[in-house]
Amino acid sequence: MSKVAESCFSFLHMEVVNTLLSPTPTAEELQHAGRRLEVIGYQVGERLAERYTKDRPRFADTLEIIKFICKDFWYEIYGKQIDKLQTNNRGVYMLQDNRHRLLVRCSPAAERQSTAKQMGATYGKFPCGLIRGALCGLGVSSSVGVEMTDVSACQFTVRIQMP
Amino acid sequence: ATFSKVDKVSAELFSLTYGAVVTQLLKDYEDVAAANVQLEKMGYNMGVRMVDELLAKASLAQCASFSETAEVVAKVGFKMFLGVNVEVAAATSSEFRLLLSENPLAEFVELPEECSKLEYSGLLCGVLRGALEMVQMRVECSLLRDTLWGDEVTEIRVLLKERLVEEFVDDDE
């Protein structure tokens, strides 16, 4: 499997965020940018899920699919697994990534400290989309939210939509 | 050798993400020429950051000539970030060409007819311009050939316009 430097991908992602935002973004702009990043992530996630599952047996249930995302899928993409998976057994899953690759290079400028959390949330939108896209590609529709728990840690909340 | 030391992500993630970004840009601008400009600009900003990364990770001595710069760009830069081997051709004191037989950016891409003028790999031109400007060389890069246009290799020409002189400003007046 061919690889590129992580920094290369991080810088690309940063640039995408930059082109979507003005130097001092408003809350509205951040939201809009977040949606765009989510869509990009979604398209990528859907395709990657297809590529990574083409040689494996069918999944038995949703939990197995979620586990696949946490382990193999995350590992293929980021070279690490999701650190913690929790579920309420009623269609809500919490995925904790303690050191998300896209976030470790973030250090918000002084004038942006107040919006650092929101910026972080914007950066988390791309992986949100990845998860939602991958799930959708595997036949599970869901909504995915993200919350920053620490500087470079984030928690994804996946809500499975029951048919 | 530096490539084995850096953290890596899947090349598919990178190329598919770039593809999705280009698609979005084309939708936003509805114009291939405007998208080309934007891609080059994104590359420029990436290059500015990448050269820092390169100088931090690879132990490099100062380049004595422009053709030596070409070798470093091809053998160290491209190798470290994209993991590919790039050939240098026609290197002189003010110009060189880079030949990419493999291009991770364009892995899954085919240009539709209405986008045949799209400089999909123009990002790389921007990266080179940004990175070299940070080390005091103002260059002009252009995409001469691209595998996406049906050529055998992707070829980038780098022209040295001027060597910038570092200006020191005394700020404790």
Side-chain angles (χ1 to χ4, degrees), chain A residues 1-21 23 32-33 35-54 72-80 99-102 104-107 125-127 129-131 133-134 137, chain B residues 2-25 27-29 35 37-54 56-58 76-84 102-105 107-108 123-124 126-127 130-131:
Chain A
M1 179 81 74
S2 58
K3 302 263 182 212
V4 297
E6 179 212 310
S7 52
C8 210
F9 176 69
S10 297
F11 294 151
L12 174 67
H13 182 267
M14 262 181 216
E15 253 332 288
V16 177
V17 177
N18 272 349
T19 51
L20 292 172
L21 294 176
H32 176 74
R35 276 198 297 275
R36 300 285 302 271
L37 288 167
E38 213 265 351
V39 169
I40 294 175
Y42 178 88
Q43 294 168 343
V44 177
E46 199 176 19
R47 289 180 188 148
L48 284 177
E50 195 176 314
R51 293 184 69 82
Y52 294 158
T53 52
K54 68 183 194 306
D72 308 58
F73 186 72
W74 222 246
Y75 186 80
E76 290 283 357
I77 293 178
Y78 293 116
K80 76 183 282 288
R99 192 175 173 278
H100 190 65
R101 288 296 191 81
L102 280 178
V104 293
R105 277 166 204 276
C106 278
S107 62
K125 288 295 183 199
F126 176 80
L130 275 182
I131 298 175
Chain B
T2 321
F3 186 62
S4 57
K5 278 187 278 174
V6 298
D7 287 330
K8 287 178 266 303
V9 293
S10 135
E12 290 173 344
L13 171 72
F14 181 65
S15 48
L16 287 174
T17 306
Y18 184 61
V21 170
V22 176
T23 314
Q24 287 271 328
L25 281 179
K27 268 195 202 137
D28 288 353
Y29 289 103
V37 172
Q38 186 61 30
L39 289 176
E40 207 269 351
K41 206 169 105 194
M42 285 174 67
Y44 177 85
N45 292 332
M46 285 172 72
V48 167
R49 293 201 172 95
M50 284 161 100
V51 74
D52 271 343
E53 184 89 3
L54 179 80
K57 294 265 163 74
V76 185
F78 273 86
K79 185 75 195 166
M80 171 175 153
F81 288 108
L82 297 178
V84 295
E102 39 178 352
N103 177 3
L105 282 182
E107 183 92 7
F108 305 108
L123 186 86
L124 298 176
V127 168

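Chain A is the first sequence line, chain B the second, and so forth, proteins listed ahead of strands; every chain is numbered from 1. Just the heavy atoms: all of them, side chains too, but no hydrogens, waters or symmetry mates, feed the values below.
Interface check for chain A: of the options B:Ala20, B:Pro104, B:Gly43, the most heavy-atom pairs under 4.5 Å are formed by B:Ala20. The candidate from B:Asp28, B:Val84, B:Val127 with the greatest count of non-hydrogen atom pairs under 4.5 Å with chain A is B:Asp28. Interface remark: of the candidates A:Arg51, A:His13, A:Gln43, A:Arg51 forms the most heavy-atom pairs closer than 4.5 Å to chain B. Of the listed residues (A:Ile77, A:Val16, A:Leu130), the greatest number of heavy-atom pairs within a distance under 4.5 Å of chain B belongs to A:Ile77. Residue with the most contacts toward chain A among B:Val21, B:Thr23, B:Leu16, B:Thr17: B:Thr17 (heavy-atom pairs, distance under 4.5 Å).
In this structure, no portion of B:Glu107 lies under 4.5 Å from any heavy atom of chain A.
Atom CZ of A:Phe126 sits about 5.0 Å away from atom CG of B:Leu13, to the nearest 0.5 Å. Distance OG/A:Ser7 to CE/B:Met80: 5.5 Å, rounded to 0.5 Å. Of the inter-residue distances, the one linking B:Gln24 atom CD with A:Ile40 atom CD1 reads 4.5 Å to the nearest 0.5 angstrom. If you take CD on A:Glu15 and CG on B:Leu123, they are separated by 9.0 Å, rounding to the nearest 0.5 Å.
Summarising the geometry of B:Ala11 relative to A:Val4, their closest heavy-atom pair is CB-CG1, 3.9 Å, with the distance given to 0.1 Å. In plain terms, the two heavy atoms of A:Glu76 and B:Ser10 that are nearest each other are O-CB, 3.2 Å.
Taking the charged nitrogens against the carboxylate oxygens, B:Glu12 and A:Arg47 have no contact shorter than 4.0 Å, which rules out a salt bridge.
Summarising the local packing, CZ of B:Phe108 is surrounded by more than 12 heavy atoms from other residues, nucleotides or ligands at distances under 6.0 Å.
Side-chain contact between A:Leu12 and B:Met46: present, with at least one pair of heavy atoms (C-beta onward) separated by less than 4.5 Å.
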